[in-house]
> 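Sending over a structure as structure tokens; questions will come in a sec.
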Amino acid sequence: MCGIVGYIGKQKATPILINGLLSLEYRGYDSSGLAVIENNSIAILKDKGRVSNLEELTKNCELTSHIGIAHTRWATHGKPSKENAHPHLDNSEQFVVVHNGIIENYHELREFLTQKGYHFLSQTDTEVIPNLIHYYYSNGIADEDPFLRAVKSAVDDLKGSYAIEVISKLYPDKMIVVRKDSPLVIGKGNGENFVASDIPAILSYTKDFYLLDDNEYAVLSADTIHFYDNTLSEHSKAIKNIEWDATAAEKNGYEDYMLKEIYEQPNAIRETIGSHFTLGEKCSFDDLSIEKDYLSTINKIFIVACGTAMHAGLVGKNAMEKLCHIPTEVDIASEFRYRDPIIDEKTLCIYISQSGETADTIAALKLAKSKGAKTLAVSNVIGSSITREADYTIYTHAGPEIAVASTKAYTSQVVLMVILAIYFAETLNSCDTSELESLKSDILDLPSKLEAVLDETRTIERFAKKIYTEHDMYFLGRGSDYYVAMEGSLKLKEISYIHSEAYAAGELKHGPIALIENGVTVISILTNPNLVEKCISNIQEVITRGAKTLVITNQKLHNVHFDFVVNIPETNSFISPILSVVPLQLLSYYIAKNKGLDVDKPRNLAKSVTVE
Ligand code: AGP
């Protein structure tokens, strides 16, 4: 939910910290700050608002330090303000900390420290951490590494989730980091090392990464990185080379990341299809060894995720049920984890998460594992937390997604779920080969069809101009079109702050039609030939009541007048959401632009929701 960066090396730390924070700003942007060790004391700069405010502050002071930590915040405990912004110091100003996550027992710890004479300057849960470190450092037993020992003792007291960076003016050449249920990566350079919540933040400096595990400590100097488990016994760790291109995480001439990512969809789909199949050959997943013997025992699939990823799961459910004949349910992770779902070893639980760090999704995965089910993660981030928890992992290859509103990750998730369903169906012999081959052929045509949809951008832009001042909109569809309506409605809320609802078109008469009055905008998705007539009747009902209509369709519609029609290419109905969602992504984008909003960083939202 927040983003952290760290640097230790030979260069000036401040510009590297600011660069890192700018690329992590999608994780939180209500305040930011940094701490460096300057002339044997800790210098802190922080401010409310965007990282650009902090950047301005750095221009007014000459910071030359080669070690520093930094943070961009998305408030959980304590309002967005300068005093609540990280980094936080201990009372003696010897230790300074940035933290991502939530300390659940901070009231208790604050109470304990207050009794010991400590005082607090912020309302944050984080401020207990540097003070605990100081407490253990000053009361600690003799140890060959008292700094590390004090950090470990403090961390032992914490309940909750955390990624923590600590530096101390007593140890100006050392940085300690630790994580639990919150992401943290270490980038290895030449005579310098980097820390970040997410790979793109430091990708322009190195491609060699260590992915820190839960309850693992790393102690960094400019030239070394030592890893310790939670008993502080040292171990070695494998390095990972990340192939992402740093420029892929930049805007490449687009006005916003979201627009860039919308336009990257043909390629993201191409990459995600990758080499999973060619026509006439069975689907394969290199790292997925799910045997027929196991798959035949599965009598239930749960697909669990949050937000847009959950919408991708709904589309995936259709393919799973129809191609594999396995009953499939889709759950919201935050509900699933607390509703005591019926799960056993005959259940397969699939978790979809772009970031692989969503707290509820990870908790829902751990729950299923504890009940004996096998778990499969679908993620876009190699080595992310969810992939390390799951029994099996498959990856979308959408490349880094920076805009808070998910676009290319969604379409990549949908295509991968459908390919997975084909793979299962081929393993189980549950579906006619010619049907699967025809679906595969349609999947291979998706990138060029997506390019054709993107050519319709101007029509959407015109429609957006007409409706951007409205306050309520409705999205309708049946079957998979309804799932796309849900995604379209979420996108609109997220980035244009317009209230909207998605309804299964058949539900209209059961209540929502009461909301339709003159001039209200109703957006409908019509791609399933078997359901088109029924859906048109529903749209007629809203037209009669004065609604303005936008229809997204791959069908020839006669004898009905809609205000705007966006034609998209025909394709198999399992994958039509990949095409029909694009005009809706563009619509919310252009509405937000017309309203002058920051589309990449919508208010109150963060890209990775790493807290409950
Ligand atoms: C998408 O536009 C949203 N920002 C959000 O719903 C997102 O899909 C959700 O938080 C899940 O994230 P994940 O895929 O990283 O788990």
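Both ligands and their constituent atoms are indexed starting at 1 by order of listing. In this chain, residues are counted from 1 in sequence order.
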> Counting only pairs under 3.5 Å, give me each side-chain donor-acceptor contact of residues 393-400, with atom names and distances, residues two or more places apart or in other chains.
from, atom 1, to, atom 2, distance (Å)
Thr393, OG1, Thr387, O, 3.4
Tyr395, OH, Gly383, N, 3.2
Thr396, OG1, Ser379, O, 3.3
Thr396, OG1, Asn380, OD1, 3.1

> Do Lys300 and Phe302 meet the cation-pi criteria used here (NZ or CZ under 6.0 Å from the six-membered ring centre, within 45° of the axis)?
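The answer is yes, since Lys300 meets both limits relative to Phe302.
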> Does ligand 1 have any N/O pairs with the protein under 3.5 Å, and how far apart?
from, atom 1, to, atom 2, distance (Å)
ligand 1, 2 (O), Thr308, OG1, 3.3
ligand 1, 2 (O), Ser406, N, 2.8
ligand 1, 2 (O), Lys491, NZ, 3.0
ligand 1, 2 (O), Glu494, OE1, 2.8
ligand 1, 2 (O), Glu494, OE2, 2.9
ligand 1, 4 (N), Val404, O, 2.9
ligand 1, 4 (N), Glu494, OE2, 2.8
ligand 1, 6 (O), Thr308, N, 3.2
ligand 1, 8 (O), Thr308, N, 3.2
ligand 1, 14 (O), Gln354, N, 2.7
ligand 1, 15 (O), Ser355, N, 2.9
ligand 1, 15 (O), Ser355, OG, 2.6
ligand 1, 15 (O), Thr358, OG1, 3.4
ligand 1, 16 (O), Ser353, OG, 2.6
ligand 1, 16 (O), Thr358, OG1, 2.4

> Answer yes or no on whether Arg603 is positioned over the face of Tyr497, meaning its NZ or CZ is under 6.0 Å from the six-membered ring centre and within 45° of the axis.
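So Arg603 does make the cation-pi contact.
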> Say whether, by atom type as modelled, one donor and one acceptor occur between the side chain of Glu456 and the main chain of Val566 under 3.5 angstrom.
no
> Check for a donor-acceptor pair, side chain of Asn572 on one end and backbone N or O of Phe574 on the other, with a separation under 3.5 Å.
yes
> Look only at the side chain of Ser355 and the backbone of Glu357, and say whether a donor-acceptor pair between them is shorter than 3.5 Å.
yes
